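Remarks on the structure that follows.
No experiment lies behind these values; they were computed from the predicted model shown.
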Amino acid sequence: MGPLSARLLMQRGRPKSDRLGKIRSLDLSGLKLLSEHLDPKLLSRLTQLQELDLSNNQLETLPANLGLSHLRILRCANNQLGDVTTLCQFPQLEELSLEGNPFLTVSDNLKVSFLLPKLRKVNGKDASSTSSQVESLNRELTSRVTAHWEKFMATLSPEEEAEKAQEDFVRSAIRDVRYGPESLSEFTQWRVRMISEELVASGGIQVHEADRPERPSKATAAQEPRAKPGALKRPDDVPLNLSPNKRVCTAPVEGSPVGSDDSQPAPKLEPLHFLQCHSKNNSPRDLETQLWACAFEPAWEEGHVGATSQTVATCGGEAVCVIDCQTGIVLHKYKAPGEEFFSVAWTALMVVTQAGHKKRWSVLAAAGLRGLVRLLHVRAGFCCGVIRAHKKAIATLCFSPTHETHLFTASYDKRIILWDIGVPNHDYEFQASSQLLTLDTTSIPLRLCPVASCPDAYLLAGCEGGCCCWDVRLDQPQKRRVCDVEFVFEGSEASRRRVDGLAFVNDDVVASKGNGLGTICLWSWSQTWLGRGSQSTVAVVVLARLQWSHTELAYFSLSACPDEGIVLCGDEEGNVWVYDIKRILTQQPLPLAAPQAPTQILKWPQPRALGQAVTKTMVNTVVANPTFTYLTALTDSNIVAIWRKH
């Protein structure tokens, strides 16, 4: 398609007219248009245009001077847009479609909301929730930039030139003022620059929280009074059935360190958010949807090996949510009607765009009842591939720590399959995934754990019938394999007991649960493997035991923070058991004494803090980010609880 012509516009415009100035609706979709084909001189003659469809083209940006000041509806789905700031030229815009632009992120969604004050719908959905997020972020950013200004001005000497000092202030604000998740950093830094420049222009006399017209009354009416920064919620992700000031438990954590006197000091954790974002039909009365798994998004940036973002993915019911732990904002929500999600896992893929640019994608795999793996492009907010992995439900999945496209899926069909999901094509779609290995189990696999010291060689699985290990080296000829070794624990009764918790605490020590009531077992992979010989059944070399609940209920998943030496597990009373095991691991040899008490037990908030709606719950899953800054717990009563370390 070449440059547009007046004749083409009149052919595709409505109502039919021989004058461009009378056209009110124009369909330019599916013409393979490039950005340079949009001639501002020609399009500015559409003085009455109110609706424009540019979908299914190859636009990378919109020219900044199209002159369509009366435009109310704009469709730009399925293009290559990478910037939304030129949309500010359409101040009357009420409806906007940007779906299928894979380079646009949640930051761009917030920019759109800020730039277009009359916007009512984005991608067919009500825009008021995003507007609420933007205004809350603006308040907090304005407060922080103002505080930075006061601190900056207090350090200036009278001799310093005002102009240079002002330039230094803007640079320092962009560098030092931080708020919200990494996925919003593009938006927050963009706003910090604007707020800083406004402060400089006014001489610090006044700062407007949002330099834009007020929104229509409907959107304003939907907003809630300003909450504490830690209590921000999306209106459509309904909080507990409480009054607004009880959405966040700010009371001190119930419980105290329970370890011995020479144990490590207990980390100070405060409850930050309690969210009900998986509710059926967003109902605050839904206290039955079970939440099963969560995983923190790793930080993939260079120089951040082992780091993590503060973004966590949670799954339960028919929804997968991506949440910023600091603000409590639900960044994305993906629903699959008829599905019940049991597991989520992150990876990052390097994708080459049509223009030849390399982009690193965070991809979230989610699976559950229907045996399908959905591959979600989180920042763009759509599903870009589906793997029909098993005929029965998928209990858990995990990516290889060394091969970003290798995914293990474990199913109720008693099989574990290793897939190569590949890399998306130029249309940002995954092609057919290849099946690399099939591992047969004698019972249902519940937890998967690549061996930390040799993840390309061995895979551990906690199963209904015990703990098993497979050789997963791809240079071996057999593509279908049985369990190489079954690890057993003390006592004939315990040897076949379910293992429903499994995690590596460091490169050698494994934490497992389910093989004995009231304890979590710490055992050595290397010492156990060294004593294997040719045996197919091997007793684990136990290093220590941790005291845990004496419940006979199952499926409370444990997790570990290897860099911090922390083990975590929930229980049937809504408690989170926290173990700092650094001291235990450094003792040589480790004494097999009585089970070690937890460093701390975080108790479920009392009704005075949480409200009468939920007085008792079970914590199925608890996970912390590697730096143990944020802790996320999932319950059987549809609540996502987030704690923060002081």
Side-chain angles (χ1 to χ4, degrees), residues 61-62 64-65 69 83-93 96 104-119 122 127-217 219-220 223-230 232 324 326-327 329:
T61 187
L62 294 178
N65 53 345
S69 59
D83 179 58
V84 297
T85 54
T86 56
L87 292 174
C88 65
Q89 66 184 297
F90 309 125
Q92 304 301 317
L93 206 63
L96 176 65
L104 296 183
T105 69
V106 66
S107 286
D108 294 301
N109 294 339
L110 299 182
K111 287 182 182 179
V112 164
S113 181
F114 179 83
L115 294 168
L116 302 172
K118 294 188 177 182
L119 200 62
V122 178
S128 61
S129 62
T130 304
S131 170
S132 179
Q133 288 184 26
V134 168
E135 295 189 7
S136 296
L137 287 169
N138 270 324
R139 283 193 292 266
E140 183 64 27
L141 291 172
T142 298
S143 174
R144 294 186 180 214
V145 173
T146 302
H148 186 72
W149 167 269
E150 293 170 353
K151 182 178 179 181
F152 181 86
M153 296 302 292
T155 62
L156 287 182
S157 63
E159 295 78 19
E160 292 188 65
E161 295 182 12
E163 184 175 347
K164 181 179 183 302
Q166 291 170 354
E167 293 175 356
D168 291 344
F169 166 70
V170 174
R171 284 195 295 268
S172 68
I174 295 170
R175 182 186 66 243
D176 299 334
V177 176
R178 290 286 184 270
Y179 182 67
E182 182 64 29
S183 60
L184 299 185
S185 61
E186 183 186 348
F187 172 79
T188 54
Q189 290 184 25
W190 178 73
R191 280 296 295 137
V192 164
R193 175 182 289 277
M194 295 171 72
I195 296 168
S196 302
E197 290 174 347
E198 183 184 351
L199 252 180
V200 167
S202 68
I205 297 174
Q206 61 180 17
V207 179
H208 302 287
E209 288 182 355
D211 187 15
R212 56 178 177 170
E214 291 187 3
R215 290 192 170 269
S217 57
T220 304
Q223 295 164 12
E224 298 178 346
R226 179 181 177 183
K228 295 175 63 175
L232 306 179
D324 170 50
Q326 182 182 35
T327 63
I329 292 175

By salt bridge (Lys or Arg N to Asp or Glu O under 4.0 Å), R178 pairs with (sequence neighbours left out) none

Looking only at heavy atoms, which two atoms of T105 and E186 are closest? And how far apart?
OG1-OE1, 4.1 Å

Just verifying a value: how many Å separate M194 CE and L141 CG, rounded to the nearest 0.5 Å?
11.5 Å

Which heavy atom of V192 sits nearest a heavy atom of V177, and at what distance?
CG2-CG1, 3.9 Å

Are Y179 and R191 side-chain neighbours, meaning at least one heavy-atom pair lies under 4.5 Å?
no

Which heavy atom in V84 sits nearest to a heavy atom in L115, and how many Å separate them?
O-CD1, 3.8 Å

In Å, rounded to the nearest 0.5 Å, how long is the span from CG of L110 to CH2 of W190?
9.5 Å

Can you check whether V200 reaches W149 side chain to side chain, under 4.5 Å on heavy atoms?
yes

Mind checking what makes side chain to side chain contact (heavy atoms under 4.5 Å, CB included) contact with S69, not counting sequence neighbours?
none

Nearest atoms (heavy-atom pairs only) where H148 meets S172
NE2-OG, 3.0 Å

Specify the closest pair of heavy atoms between P91 and Q89, including all atoms of both residues, with the distance to one decimal.
CD-O, 3.1 Å

Nearest heavy-atom approach of S131 to S113 is CA-OG, 3.3 Å

Give, for atom CD of E135 and atom OG of S128, the distance between the pair rounded to the nearest 0.5 Å.
10.5 Å

Could you give the distance from OG1 (T86) to CG (N65), rounded to the nearest 0.5 Å?
10.0 Å

side-chain hydrogen bond (donor to acceptor under 3.5 Å, both in side chains) involving Q92 - partner list, sequence neighbours excluded
K118

Side chains of F187 and V134, heavy atoms from C-beta outward: is any pair under 4.5 Å?
yes

Under a 4.5 Å cut-off applied to non-hydrogen side-chain atoms, are N109 and L104 in contact?
no

Just wondering, do V145 and F169 contact through their side chains at under 4.5 Å, heavy atoms?
yes

Side chain of S136, backbone of S132: donor and acceptor closer than 3.5 Å?
yes

When rounded to the nearest 0.5 angstrom, what distance separates CG in D83 from NZ in K111?
6.0 Å

